[in-house]
Amino acid sequence: MASFGCAVGDEAMLQGLLGASANASAVSQFLCQKLETVSTQLLATTRAVDDSYLLYSTYLVFAMQLGFAMLCAGSVRAKNTMNIMLTNVLDAACGGISYYLIGFAFAFGQGPHPNGFIGHFNWGLNDIPSDTYDYSFFLFQWAFAIAAAGITSGSIAERTQFVAYLVYSSFLTGIVYPIVSHWLWSSDGWLSASKTEGPGGLLFSSGAIDFAGSGVVHMVGGIAGLWGALIEGPRIGRFDKHGNVMIFRGHSATLVVLGTFLLWFGWYGFNPGSFVHILVPYSGSRGNWTGVGRTAVTTTLAGCMAAITTLFGRRLLDGHWNVLDVCNGLLGGFAAITAGCSVVAPWAAIICGFVSAWVLIGLNRLAARLRFDDPLEATQLHGGCGAWGLLFVGLFADKNYVQEVYGGGDRPYGLFMGGGGKLLGAQIVEILVIAGFVSVTMGLLFFALHKLRLLRISPEDEIAGMDVTRHGGVAYIHQDGSEHMMNMTNINGGGGGLKRGVH
Amino acid sequence: MAGYGCEGGDLGTLQGLLGGSANGDAVGQFLCGKLDAISSQMLSTTRAVDETYLLFSAYLVFAMQLGFAMLCAGSVRAKNTMNIMLTNVLDAACGGISYYLIGFAFAFGTSPDNLNGNGFIGHHFWALHGIPDANYDYSFFLFQWAFAIAAAGITSGSIAERTQFVSYLIYSSFLTGIVYPIVSHWLWASDGWLSASKSVGPGGLLFGTGAIDFAGSGVVHMVGGIAGLWGALIEGPRIGRFDKSGSSGIVFRGHSATLVVLGTFLLWFGWFGFNPGSFVHILVPYNGGIRGNWTGVGRTAVTTTLSGCAAAITTLFGRRLLDGHWSVLDVCNGLLGGFAAITSGCSVVDPWAAVICGFVSAWVLIGFNRLAARLRFDDPLEAAQLHGGCGAWGVIFTGLFASKNYVLEVYGGAADRPYGLFMGGGGKLLAAQIIEVLVIAGWVSATMIPLFILLSRFKLLRISPEDEIAGMDVTRHGGTAYLYQDGSQDMKLTTFNTKSSKMTPDGNGAAATGMNR
Amino acid sequence: MAGYGCEGGDLGTLQGLLGGSANGDAVGQFLCGKLDAISSQMLSTTRAVDETYLLFSAYLVFAMQLGFAMLCAGSVRAKNTMNIMLTNVLDAACGGISYYLIGFAFAFGTSPDNLNGNGFIGHHFWALHGIPDANYDYSFFLFQWAFAIAAAGITSGSIAERTQFVSYLIYSSFLTGIVYPIVSHWLWASDGWLSASKSVGPGGLLFGTGAIDFAGSGVVHMVGGIAGLWGALIEGPRIGRFDKSGSSGIVFRGHSATLVVLGTFLLWFGWFGFNPGSFVHILVPYNGGIRGNWTGVGRTAVTTTLSGCAAAITTLFGRRLLDGHWSVLDVCNGLLGGFAAITSGCSVVDPWAAVICGFVSAWVLIGFNRLAARLRFDDPLEAAQLHGGCGAWGVIFTGLFASKNYVLEVYGGAADRPYGLFMGGGGKLLAAQIIEVLVIAGWVSATMIPLFILLSRFKLLRISPEDEIAGMDVTRHGGTAYLYQDGSQDMKLTTFNTKSSKMTPDGNGAAATGMNR
């Protein structure tokens, strides 16, 4: 950025060229001073543009937390609505404090002794803003961190003790997720595709490409949910002894659609926002802004294709045009494209979405067969489609886009694009280490909670619903009879409100 | 975007001036190198600022799809909620694929190599091939896609609660993929025959002005509204909406006013991307540097707000006088009518004119609603009246109130180009606006009527009376949208339920739990 | 914004230095021409970046209105949902017109010609006449409008479920049009007597510092909260809220926790426009260029988040200890209290101080709620306690924890200007903050008490007990907000309905269909 002003020696050189008279000295001072101010202002402009871009992306990513809350609320039964919404609010709130205190340090801490496994600087935002990171970067990463915990809360919904929720959520947001994000996204992460610090070069001279976190965010959340749901077991009544499957439908499709659209809206911060800087020219009239736009397009197309595939797929399989399935299919497409969104062409995004719809359908079938109960399909969706997304990058990453986004010369790219198998190898390594790391940490945690009888609520509470037993009442009072009529409400019960209207 | 660096002979000239010695050459090279670097960074900055602006505007416009979904969901009866929401999700999803494959090409496919252009239809950039080029980056596609899906969303409101899902898929693809892109080509492409900023192709501006439809009162709202008009007319009203006695009918209220308000506010929020975002570029100084597109953008946001506010207040008092209620649903619709009207002229009128626009549009909507009731026309969301009627008023309004300076700033061109009739700019702009209303009405009718009639002939358009009474959610979409009482809040019923669930081992507990609703 | 081009004698000086020959003149002209072009483009870029930033912030602040609507809707009983949502829509709509006509003039109308200023009230820019000028563009108006409507929204929560609609219209216009703009003039206009960045008019900064209320803990939240306090006091509690035995009362729970959470998250989302957006300009380097307003903006977003988070967690455990429940509704209110508190100091405190701010504000809210219950004060949304109480705490907090460097960066001024007491900056800032709390409380009381009493005398304030028990939606707003069972899913009921609709020939089937809820 300094090339606009006079670099060291420039002024002396200019003076020499102009003839070394007093006038020449004044002329060169005049010119260099002007150029300096221009340079400073250009630097400031770049900062302002980039930070504006990053902050607004952050706000969009934050809106996903609202999306999760509504999606989760709509997908559970009415009696557990308050419970699941509280967990979503606390994901954001507890995550804010824990990521501020330790999470950011584990993930992006920069100091004198880089460590490919874990960061250990910048505790409590100490020394932030630095030359590399401003406050806005912290906020952006926080919004990502809370998304991972939100995913897991869906898997274990409707049957988990609130205390267990607080414990696993802090652990996941504060420690497990930050470490994984360190591997992939920090400048000294051992798996990172843009590693610039620390011993050793890029893994397989490529590193794993996980641009916005199909693995880092979605697989982490999904696999944590897998173990939680497995250890807890299915909700009461979900599978009967004869092998029949009862579908527990959520209490409000409207909230599911609301949540899905909000997630879609937020994903425009999640994927394109992961460029962090927008004012980075490539050559000619292209720059990161082109990449950002392309990322938004690939994201959109993958989700759209997954939705349409799911629509017709489920129509063929089940005979219904089902909006809930379409919403989940859409989200699966987004989770899958998240890894490669910046390095694939729009047509490849369509393939990504098409396959991810079938991945989700397949895993859902498998889950039903294995009597695995995940109220939001979070494991199948974020874990399964997330893993597919990582493989997809290894197959379809485009040479030019990889170079533009990650720099470097003739580095490997997608197998099907002629870039050899090295990138795919790195992607497979990413899947395996994430699955392994999350299983070891979260599996043990859930098992310990289970042994301590802190994990699952009592059958009575589960049947009555946690809102009444733990959270002070039901979420909805549509018939309030002006409250002192409570008795009447009970009498009315579910029988419909014939009496109510008369009142 | 030039003039900061050393172009053409600049370097040579400078070197000559400096004396032509070796030193002079080096000084010239040094200075030009610096200036070129600055120039290139300026170009990048402009791109980055403009693209950031456009992308976030596109995201806001996309949020309108969520607004539509909630507005539609709240405005239909509970038994059709899943159906209408599915259509809204698919508007976005199918629209994404079809606009990517063909829609964008029809709308903006002016080949940069073949600058003769085609005023009627574009035919380039299929599946984004050739994008990004010098004019269009990916973000422009995204922005236009968000517009395209809005049009289909409008129509889905008109034919809600009685249309077969297959027929919905067909008309929606047709509208988003072909009908709408062609209209948007006429008005917004650089070679569109009606465009107010036409710069390519044979013939100049229509009437020396072209029609001004800045963000699409005609292109988006009238297209969606008129398509809905024909769909609703050909299908006929919902069962029970009008009885035989010829009274003005039973009002079928939507199932949730909360969702209507939620949707309305989200649409308002999104409209800040729709109207101000239509500038596409924000870093365009007018002259002198203090004012530029950023001023226009801000003014557009203000006119949009004021028109909607005026329409809302007018509706509030108007409906109070007419019906005796302070109705939030009517106020929401009035508000949206004001937005639909100002969308055409938002960038070229003064704030005070926007207040007039909103005031009139409220009465346009009230009038059309009365007319619809008299003609026994049933549109569950008033979409034909609102988007069609207020949209048409908005196009006319621009012909009356467009301000000279603003038209020149936004559309450029000759200093004597026509502007609003009431502002002293003569009738030419108004004439072009009337042409726009007529051709859009004609084109949409000519394409959509045959389609709906065809669907009707093939018995694909309307659902059976049984399905309509039972509600499409149960018959087609796998169950009802809501299960507030899931069988465990009330113990007696739980017992009952549990039994019946066992009796229906198909695994779909919905039907059973549905029974105690 | 200068220094890149050739100002004043720069060209002459340069030409003189170059030798004064024809060549020297030409070289000087060439260089100055380039530099001027660069300078002009720099100016445009700055404008475009700043306006883009401000506009999107304004849109986010506008989204808070949606948040308020959902929060209010969820917090009242189902029978008053339409009523409260209508008031929220009209806050925005009426506020748009009244702030356009007079509010903005009262708040920011410092005539550029008469730079003596008036510390108490502005009196220029009526109906945006004279906008855009060198200081204010349209986007600034839009941003301030979004703030103004927030204040009225707060008050509507306090007096929900028992206020006549007409009286709502009156107080809302009065508050948005006059009371709030005057307070915002004191604190935020360049000639406001309490402003921390006063630059115009007689007298310097109050106590050499002025009161720091960056985004309006006092200007917005206290104003809204105190107005609500008096409204709720003068109206008295809702029927049945407190029984005669003097117990702490029956809690009237809102009808939908989902809407409360939706509203809370939307408010959080919007607060990212409210607090960081209050910088207005983002492209302002501090020195050296690496840090600038963008750093301040980021820090503000972080402090805002951390304060809310700390308040939410404190509330969670605090209420668990006190009540035995993990209550999402309390957590939501705690969160909002933390935001209301940090709003004053968000830009001038460290992140760790924000955590303290949130922690204390949670206890402030819990304390005020206890007090309210003891005093039998009924505020359906806890708005007086939350916005009034936590807002006042926030203003004081700034006087304690404002950091020296941040105050200088954000507000400029002399290097020895006062800052937070606990940070070693002396008590002057704290004194100014206390003055702010007192004058806001006094001014709002002095204006709003007479208004509410007058309305009460004219029997315009409170609805009749019959209406209150039946719910305003049915009596005033044309029907209930929800119709989950619309009478056709169950055939017997349909028959019943149809009959009853005929029996009510007013054409409004709503009442009839409502009967089977």
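Every chain is numbered from 1 and lettered A, B, ... according to where its sequence line falls, protein lines coming before strand lines.
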Q. Given a strict heavy-atom distance threshold of 4.5 Å, which part of L31(C) is in contact with chain B: side chain, backbone, both, or neither?
A. side chain

Q: Measure T45(B) against the heavy atoms of chain C and call it side chain, backbone, both or neither at under 4.5 Å.
A: side chain

Q. Judged by modelled atom types alone, do D91(C) and S172(C) share a side-chain donor-acceptor pair under 3.5 Å?
A. yes

Q.
So which residue, G296(B), A48(B), G358(B), P351(B), ends up with the most heavy-atom pairs under 4.5 Å with chain C?
A. P351(B)

Q: Under 4.5 Å heavy-atom distance to chain C, tell me which part of I239(B) shows up: side chain, backbone, both or neither.
A: neither

Q: Would you mind checking which part of V61(C) comes under 4.5 Å of any heavy atom in chain B, side chain (CB onward), backbone (N, CA, C, O), both or neither?
A: neither

Q) Side chain, backbone, both or neither: which part of M70(C) has a heavy atom under 4.5 Å from chain B? A) side chain

Q) Hey, which of L101(C), L35(C), L169(C) has the most heavy atom pairs under 4.5 Å with chain B? A) L169(C)

Q. For the ring pair (Phe, Tyr, Trp, His ring centres under 6.0 Å) test, which of F269(B), W271(B), F265(B) pairs with F339(B)?
A. W271(B)

Q. Chain B heavy atoms under 4.5 Å from A26(C): which part of the residue, side chain, backbone, both or neither?
A. both

Q | Under 4.5 Å from a heavy atom of chain B, the part of L262(C) involved | A | side chain

Q.
As a test of understanding, state which of V260(B), V261(B), L267(B) forms a side-chain contact (heavy atoms from CB on, under 4.5 Å) with T264(B).
A. V260(B)

Q. Hey, are E161(B) and R77(B) close enough for a salt bridge, meaning a charged N less than 4.0 Å from a carboxylate O?
A. yes

Q. Are R319(B) and D330(B) close enough for a salt bridge, meaning some N to O gap below 4.0 Å?
A. yes

(Q) Can you tell me which portion of L90(C) sits under 4.5 Å from chain B's heavy atoms? Options are side chain, backbone, both or neither. (A) side chain

Q) When rounded to the nearest 0.5 angstrom, what distance separates CH2 in W145(C) from CZ in F62(C)? A) 5.0 Å

Q: Scan side-chain atoms only and decide if T258(B) and Y482(C) contain a donor-acceptor pair under the 3.5 Å cut-off.
A: yes

Q) Is chain C contacted by the side chain of L60(B), its backbone, both, or neither, given a heavy-atom distance below 4.5 Å? A) side chain

**Q.** Which portion of V302(B) sits near chain C, non-hydrogen atoms under 4.5 angstrom
**A.** both

Q) Taking only residues two or more places apart in sequence, or in another chain, which ones meet S57(B) in a side chain to side chain contact (heavy atoms under 4.5 Å, CB included)? A) Y53(B), F143(B), F56(C)

(Q) Under 4.5 Å from any heavy atom of chain B, what part of A92(C) do you find: side chain, backbone, both or neither? (A) both

Q: Give, as side chain, backbone, both or neither, the part of T52(C) having an atom under 4.5 angstrom from any heavy atom of chain B.
A: both

Q. Side chain, backbone, both or neither: which part of F165(C) has a non-hydrogen atom closer than 4.5 Å to chain B?
A. side chain

**Q.** Structural part of V355(B) lying under 4.5 Å from a heavy atom of chain C
**A.** side chain

Q: Sort out for me which of T300(B), N293(B), V297(B), L316(B) touches chain C most, counting heavy-atom pairs under 4.5 Å.
A: L316(B)

Q. Is the NZ or CZ atom of R238(B) both under 6.0 Å from the centre of the six-membered ring of F252(B) and within 45° of that ring's axis?
A. no

Q) Among S256(C), A481(C), G96(C), which has the most heavy-atom pairs under 4.5 Å with chain B? A) A481(C)

Q. If you round to the nearest 0.5 Å, how far is CD1 of I282(B) from CG of D50(B)?
A. 8.0 Å

(Q) For the residue pair R320(B) and W326(B), would you count it as a cation-pi contact if the rule is NZ or CZ under 6.0 angstrom from the ring centre and within 45 degrees of the ring axis? (A) yes

